[in-house]
Structure formats: structure tokens, C-alpha cells
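Just the heavy atoms: all of them, side chains too, but no hydrogens, waters or symmetry mates, feed the values below. Each chain gets a letter, A, B and so on, in the order the sequences are listed, and its residues count up from 1.
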Amino acid sequence: MGKKIKFGVVVFPGSNCDADCLWAVRDILNQDAEFIWHESKNIKKYDCLIFPGGFSYGDYLRSGAIARFSKVMESINEFANKKNKFIIGICNGFQILLEAGLLPGTMLHNKNLKFICEYVNVIVENNETPFTNKCEKGQVLKIPVAHGEGNYFCDERTLNTLIATEKIAFRYCDINGNITDEANINGSVYNIAGIMNTKENILGMMPHPERAMIKDLGSEDGKLIWESLINYIKKS
Amino acid sequence: MQNYNVEITDEILKEHNLKKEEYENILKILGRKPNIVELGVFSAMWSEHCSYKHSKPVLKKFPTKGKYVLQGPGENAGIIDTGFDIGVAFKIESHNHPSSVEPFQGAATGVGGILRDIFTMGARPVAILDSLRFGNLNTFKTQHLLKGVVSGIAFYGNCVGVPTVAGETFFEDAYQDNCLVNAMTIGIVNKKKIKKGIAKGPGNPVMYIGALTGRDGIHGASFASAELTEENQKRRSSVQVADPFMEKLLLEATLELIDKNLIIGIQDMGAAGLTSSSSEMAYRAGTGVEIDIDKVPKRELNMNAYEVLLSESQERMLLVCKKGNEKKVEKILKKWGLHAVKIGRVIKEQQFRIYEKGKIVADIPVRALTDSNYKYFPLKKQKGVKPAYLKDINIKIDDIKIPEDLESVLKKLISSPNIACKSNIWRQYDHMVQTNTFTLPGSDSAVINIKDKDLMIATSVDGNGRYVYLDPFLGGMAAVVEAARNVSMSGAQPVAFTNCLNFGNPEDPEIFYQFKKAVEGMAYAAKKLNTPVISGNVSFYNESPENAIYPTPVVGMVGYIKGKNKRYAKQYFKNEGDIIVLLGEIKEEIGASEYLKEIHNLIKGPVPAIDLKREINLQKTCVEGIKKEIIISAHDISKGGLAIALVECCISGSLHGNKAIGAYIELQSDIRVDALLFGETQSRAIVTVKRENLLKLKRIASKNKIIATEIGKTGGNRLIINIDWASKKYSKKLNIDIDEIKKLWMSGVNEYV
Amino acid sequence: MAKAKVYVTFKDGVLEPQGKTVNAALLKMGYKNIKDVRIGKFIEIEIENGDKKKIKKEIDEICDRLLANPNIEKYDFEIE
Amino acid sequence: MAKAKVYVTFKDGVLEPQGKTVNAALLKMGYKNIKDVRIGKFIEIEIENGDKKKIKKEIDEICDRLLANPNIEKYDFEIE
Ligand SMILES: Nc1ncnc2c1ncn2[C@@H]1O[C@H](COP(=O)(O)OP(=O)(O)O)[C@@H](O)[C@H]1O
Ligand SMILES: [Mg+2]
């Protein structure tokens, strides 16, 4: 067992997956976790910050645009640059990380301009990362999405760098792992569903791993992501 | 300051939807002429929407008590007990008129309103359901309304973070001019922290929280109580814009205030805004209120008392706290980026008294506005007259030709709008947030887990307006019965329900007859099923000069699944090789069916009969079978009959990434083959069991006097139905590819959403 | 090629939540002299050149039918 | 009171789904001569009057920091 990992779930006005994230890591995976109010500056003590899904500031203007000016974000770079500190941004959390420049690229409206909530399949592109080491390379995970702006966009150069440096964590695929246009529900560049920063201590992903934690909810595949991180931190 | 003492002319009365007699009563109540502010207040509070003046006597027929009922009708929402330390609060509400005019904002604000009704009780909303009715799907108008309404509901519910877990969508010409948008919310409340809308304690401050007051929807209440005419359509100021982000902040702030025990009473400002919330809160507490218009936070310049009192700006709440707690209240609101403003106080005198610039501009006895027992209250003693159309409404079954090609009938039905898959609707709703949705949309009812308790909630909204149109009493019964049946298909015991009564103009005796009979039918079924009514809403005047909608009562049922194991079932086939069992009987009933409408172009009765004893027994059989882990899947037979139910069992699982599973069915029966396949005989279900459990299921069924017939086996990728008659020449065989039929099912509605 | 620039804004008196929220954010970010923010749409349409009057009529129609929601929005446009 | 009108538009090369969808809808509605539609934002800001230059600098900063996302959007504004 050993010592528990300390997660902090950052709560913005309009976050709504905060409680689900807390439940996933604290109640299902038995780790330490607590909420962090967006005006708090006290984030040093956590091993991993979770930026949960939802509609911070209503997603008004652009999703994530206003949240990134919160107090809690003032020390985020410092946090991210420290050793053995991790950040996971899920859905709106991912959007905030993009707006804050912690990850490259931008989210556009889904190609069909509609909110999409459903189970999707994503393939693990790189399994040698803090967030995916419990997965097989090429493993297909069944995890739900729920977003209106999840159409990941970046310029060619950024994309090439992401590919060349293996910073793409997940891509939308069909049930057999084929990367098809049909599986690309929101129109993302290169079917991208999740990416990491250069240092590989920040992960942003549109699918909600915290919603795929128990069989009754339809899948347990989300656990692999949290467990990978817990595994990684414990080993290092 | 404006002069409010204007001459009250007939013209002004008409504009305020006040009848001459009603005005005379106002004169008697006040002992003087009202000013225009007071007239506006009366007009709003005596509108059908706020006063229930036509419906109240009829609504008394509903059973409202029972061992589970903690809070019955009369509050912002009803609450039922769970046996644990929590209660379940729920209510349904209509937003038909606003949605007809402006589908996106209308539907969105509808969701907002019903969410506030729930969290104002101290309950955290855990689920939303929606019940929608539109006209002909082939018209531009319907497509426009459908898209707007669905995206509006999605916009609001998704942002606030409450999953929209189930609903129903029905298309019929009668709704062409008046779409129906009913939304229901379910919340969970700690029983010790239930809050009510009461203004107790003279001297206590009345505080305002939430969005600023604008000129939105002034006259909204009387607007919702008038038929939709050309001219009304133009009164677009009645449209309010939704701000779900504000709602989310209000929700969290309100629950925190209640959790910290800082407030005495709270209510949202819904129809007739500040006027109704303050007067109703005073009425419930036996007090009065004083409000200073100058203190009300306003969005626009130069708003006068009339406008402020009648504004229906969204996302606002009114609360009463203990004197001295104002600072603490303000502090919590500030945390959420909001303000609390003291705008008045509770007074002992039972008056609704409004000040503007230091002068009294309205002074009305509270009871006159809120108490239906008050002698001058405009309660209507309407009488119903049986509508002429009911005289000749039933077919003779022998006049209906049995189609030759049953496969194409099945294909046509599966892609018809009322049966086709609605996944592009609920895919736009976040139905998974809060990580409790164990049964996602696409089954008879949604199942919502309650974490840390041996409890789950199953819920469904239902109401077949066509049945009610063809037979108001039976149709009313059917709405209750089907909602309960849907819930029991999950393995849940139906406990209580909320209802939204959507009808035409109640002043029309024929419409009133429909209303009264439908309520009687619902009440009768509710008593027998032991499922009391704990909340509801009435929406009248759903008509245009051309026609009225079908009388459409909508039932939102809530049931419990209890026990450590939390056993529940979904509607679709789970494994290959399971035994398929039909529970219930086969009768020659095709009246009122989708089959009769889609294939024979007839909207005629008779509506299928309901034997409530048998219905209860069917539900018991399913609940017991699921609880004992004998029944693997359960789906009731409703729209489209046995054949459609079978197709749905085969394919609906594939919506959530499971495999579609075919079936081989043998039916032995000598009744008309169309009635056999497509008749909508009530009190039936298709369940699956393992071969070794078949006998156990039969025992449970026979104990409950329910016929259980083994009709086939799951497996393969085709649905094959063999119909075996004693006389071979009538025997029939349907053989359909599952993928092909799924495509048809998926296309009927989805491409329009 | 002609180009139409369309401005869709909320009608006066209609609540505009986006603007309100951005306004609050700006104040919080320290821009204390911001008094009001309203967010509308700016739509650029490229359209085959032709009779100026006809184009104008067409854009007007498009605004009315599709681009603006007449219940809550108003529009304005210019053609280059 | 001064007023700033801000136009936020997508940079060239960004596949902006809203504009594409509206474009397709317009063609379907029969407006055959529409060649391209791009949907951006039109933001009106009321700001306390003062030194014109300072206001300009402030609005520029606001656009840069909040109103536009430099990865995909560009902006332009005028002050009245
Ligand atoms: N407007 C809607 N919103 C959410 N879910 C819907 C809506 N319309 C239909 N559904 C879902 O589609 C499924 C089929 O609906 P319906 O045919 O009405 O079922 P039933 O006949 O069992 O009442 C259900 O799971 C229902 O919840
Ligand atoms: Mg059903």
C-alpha cells in the first residue's frame, strides 16, 4: 500500500465534475483528495491537481478563457515546474489548461455544433507516461465524453511536434482501435482526445475517466489512468 | 414618480385578462379603486398560471397522502421519504408557451425554473427529465422547434451539471401550433434540512439574491394564460434569456445557506416574480410583507413599481433570514460572486405592502392574492360537457383490413416518429454527470444510484395524449399506469408521482370535461397503485384559433430499488441463448395504437382496457423477479405493441456500445395477426431469464396470477417471428436483419435533431 | 467578390449573460473603469459580386431568417 | 463614457465549424452565391472616459489577454 497520493480538485465557479473527480480518486481509489477553491494559492502540498469538467464561468466567451485568470492559476507554472508534481485537466479542465498555455492548441466547437454525451473509444498512443503506464500500447479504452467544444485544433508545426515527441496520449478510434473519421466524434485534428506537455507531467483529455470507474456506470477503463499516475508517483 | 392612479377602463381590464366580476371583487376587497400597480398584481396572481382558479377543485381528487409522503402539493416541490436520512424532492413543470415562441430560451428557462423549485427546498438536484410534444415532423416549423427546444434543455441542464436522464418525445398534428415542453427535476435532501417557502417572524429581513430585475416577461403570467394568437406572438418581450451559469452559482449558494442554517424560508421568483414569491411566502407563514421597490436590484433604468413587481427575470430568489444574520448571508453569496440585498421585511399585518420612494404604491390583503378559500378569490366552478367528437370515435375491428406484408408494416412502424430512436436528443444532454446514472437513456426508466446508501431511484415520464383524447378517463389511468410500469421494469417499486396537466382552454366546457375525466382516471389509478401525487403543474390554454392540443397529462414517476445488492434490470437483451418470456395476455386490441395511425391513418379508439389488479400483479412479478436475480432484462410493451417491443429489446443495447442481439420467437395464437404483433394491450412485458430459472419465474408469475409464456430465445443477428395458427394457411413468418432494422429505427427522428 | 459584414447584437433590455460575466471578470482582473460589456456576433460573408441592391436585399433576408434571432437579437450590416 | 467596438475573428486557416455550418445551411436555403461565411465576435465595451491613448492601450490589452485567443483568433477595434 504505502502512503496515499494527495490529489487536489480545483473548483471554479461553474465546475460541475468536481465532486465526481473527488469520488473517483478518494472513494474508489482510496487516495487522499480534497477540493481547492479557485481563489486559494495554497497548492504546494498536493501531488496532483485535477482540473475537473464543467462550465467554469458558464463557458461564456470561450470555454476556459475566464477561469485561467483565477488566483489559483498564479502559481500554477511554479507548481508544474517542480519535480513530481502532476496536473490532469479533464474536459473543461483541459480547455482551461489550453487557455492558460500549459498545453498547446485550442478547442473549437464540435464539428456538428452540438453537445455530445456518449461512450467513446480511445486508443492509448503512448503507454510510457505517468498517466498511461498501466495500459497496453494500442489498448482501446471505453470512456465517455460530454462536451460541446472538444474539437481540438493546433497548427501543423505543433501537431508535428506532438507526434514526433510522442506527446499524444489518446486518440478517438472505433471499438477495434481503428482510427477513423467516423470515430472522430468532434472533428479533432488527428483524432486527438488527449495530450501531454513536454515534461509529461501535465495531461489534458476530453473524455471523462472519472465517469468510467465502476461497472455499473458502463466501464472501468477510466481507473487505468488514475492508477497509472498513482503507480508512477509511488515508484518515483 | 409616475402616477399610478389611472382610470381603470374595460380596455385595461382586458389587457390584464381580468373579467368584470373579478374586478368587482377587487373593489370589494380593497374597499376602493385599485391603482394600476395593484391591478397588475391582481392580474398576475389571479391568472390561471398562479391561481389555479379552474383546476383547483378538480385537483382535490388526487390522493396526496401515504406513508412515504413528507411534503405533498402546495410547496415548491413535493418530497418523499426514503427510509434513510434523506428525502427525494421532485416536481414537473411546463414551459409550453415560451417555448412555442422562442424554443431555445423558452425550454432553457423552463429547466431553470424547475431546478430552482427543487433546490429552494434544500435538495440538490440529481436528475432532470423532459417530456416533449411537437406537431408534424415533416414540417419546417416542427423541425425548428425540436432543434431549439432540445438544444435549450441541453444548454441549461449541462451547464448546471444536473444529468438529464430520461424523457419522452411525441409527434402528432394536434401539437402543431402548440408544442409542449415539460421538465421535471429530482433532488436529494437531508430530511433535517428541508426548507420551505415561508416568511416567518415579523421584523425579519426579506432578501433578494440572484440576477438583476429587467423588463423581461412582464405580463408573463397572464401571457401564459391566454391562447396563442398572432398578436400574442408579437409580444416578444415575454421571452426571457437563460443564464445557467448564474443558476449554478445560485444553486451552490442556496444550498450552502441552507446547510449553514442561516435562513428561515426561501422561494424562487417564478411566474409573477417578486409578487408571487413574497405573497406566497407570507401566506404560508400567516404574515405579511413590506417591500421597497427602490432597493430591488435592477438591470434597466427607470423601472417602475409595476414593472419590478411583475418582472419575470430568471435566476432570482427571495429569502427570509433571522434578523441579524444578514451579514452571514451576504458573506456566503459573496463567495459565489453574488449579492444579497435586503429589500423589505416581514410584518405582522397580513398585507402585501409595496413602497416606492417612501410612498405606498400597493396595499393588498395577502389572502386575496393567494388563498383559494378566500371569499373573493376568483375560483371558477366550471362544468364539463362531454365533447361531441367522442360519440363516434371507435373503430369496429372487422372493418380494418389486415395487411399482407407484415415485415414492411414493422419497418414502417419502427421508423415512425413516435417509435424511432431518440438518441440524437439525449446524446445532447449530459446524462452521466454526477456519476450516478446506472441506466442511461434508452431503457424504460432511468436508474440513478444514491452513493453510500442501499438505495437507487428509478424514474420515467409518460403520458399518451392520443389515448386521453380518445378516452379521457382511461387515458388518464394509462398515463399513471405506464409510468409506474416503466419504473417497475427496472426492478423498482413505484412510490409517488408528479404530474403536468397540459390542456386547452378550460373555459370551454368540452375541454373542461377532458380535464376532469383525465384527472379522475389518474386519481383512480394512483389510489389503486398506491402512488400518491406529491406535486404538479397545470398548463391550460394550449390552443390556437384552429385547434386545441390533445389533452395531455404527463406523469413523472419515482420508484425505489432497495437492498444491499441494488438489483436492477435494463430493457435490452443481455446475452445470447436466454429464454424470452411474455408476461401478460394477448388481446384483440388495436384501437388508439401507433399501428392504426401509421398504417391505416386512423386516430380512433377504443383505447386498450386497463385492469388495475392485473397491472399491479405484472409490476410485482417484474420487481420480484429482478430482485431475486431471475429476470435478466425487462421491457414493457407499449407503443407499437409486441413486435416493436421485441425489436427494441434486440437493438437498444447497442446504443451504449453493447452488442445488438437477435431473437427467435414462436407465437401460438389464433387472434388477428395485426393485433397480435402491433396491438397495445396493457399490462404486458417481455423479460428474459436463464433456462434454469424459467420455472422460478413461472412460479412468481402464477403466484401473482400473471400468465408467463415462453415465446423464444435470444441470439443471432436476425429477429425471426413465427406465428403459428391452428389452421396453417394463416401462419406467418417475419424474418428481419437486426442491423437493417436498427438503421431504420435510428433514422426516423435522429436526422431532424 | 463582395463582402458583407454583419453585426448581430442583443436587443436593448434583453439580458446578455456572456457580457455580464466577462464584465465581472474584467473588473476582477483590475480593469476598474469598464462599465458594460455586451457580446454579439460578427459575421463575414463572402458573396458573388453582382447588383449591389440585390446583394443588400439578400443579406438582409439572410440576417432575418437565419443569422439573428428576432426574438432577442437585432442586426446591422454593411457591404464592401 | 467612451465606447469600444471589438471585432474578434478567426485567423485564416482555422477550420471554424460554425461558419462552415451556416454556409452549408445558406446554400441549402437557396442562397447559391454565398461563397464563405465566418463567424466571429462583436464585443461592445463601455468604458469610463479619459485619455484616449490610455483607453486604447487598455482595450488592446484586454483583447490580447482575454477577448481573443491568439492561437486561433485575431482582433481589431475602434473607439468612439
Ligand atoms: N426528450 C427526451 N429526453 C431524454 N430521453 C428521451 C427523450 N425522448 C425519449 N427519450 C428516451 O428514449 C427511450 C424511449 O422512450 P419511450 O419510447 O418514450 O419509452 P417508453 O415507451 O418506455 O416510455 C427512453 O429511455 C427515454 O428516456
Ligand atoms: Mg416502456
Pairwise distance CD(Gln314(B)) to CG(Leu15(C)) - rounded to 0.5 angstrom: 9.5 Å
Contact class of Asp12(C) relative to chain B, heavy atoms under 4.5 angstrom: neither
Pairwise distance CD1(Ile72(C)) to CD(Gln105(B)) - rounded to 0.5 angstrom: 4.5 Å
Proximity of residues 293-301 of chain B to chain C, residues having a non-hydrogen atom under 4.5 angstrom: Arg299(B), Glu300(B)
Atom pair NZ/CG of Lys20(C) and Leu212(B) - distance to nearest 0.5 Å: 6.5 Å
Contacting moiety of Phe245(B), where chain C heavy atoms sit under 4.5 Å: side chain
Taking every non-hydrogen atom, the tightest pair across Asp216(B) and Gly13(C): OD1-O, 3.8 Å
Region of Ala242(B) in contact with chain C, defined by heavy-atom distances below 4.5 Å: backbone
Lys5(C): side chain to side chain donor-acceptor pair (under 3.5 Å) partners, not counting sequence neighbours: Glu80(C)
Over 12 non-hydrogen atoms of neighbours within 6.0 angstrom of NZ in Lys53(C): no
Report, one line per pair, each donor and acceptor closer than 3.5 Å where one atom sits in a side chain of residues 330-341 of chain B; sequence neighbours left out.
{"residue": "Glu330(B)", "atom": "OE1", "partner": "Ala340(B)", "partner atom": "N", "Å": "2.8"}
{"residue": "Lys335(B)", "atom": "NZ", "partner": "Glu256(B)", "partner atom": "OE1", "Å": "3.2"}
{"residue": "Trp336(B)", "atom": "NE1", "partner": "Glu256(B)", "partner atom": "OE1", "Å": "3.0"}

Lys56(C), NZ: over 12 other non-hydrogen atoms inside 6.0 angstrom: no
Non-neighbouring partners of Asn49(C) that pass side chain to side chain donor-acceptor pair (under 3.5 Å), sequence neighbours left out: none
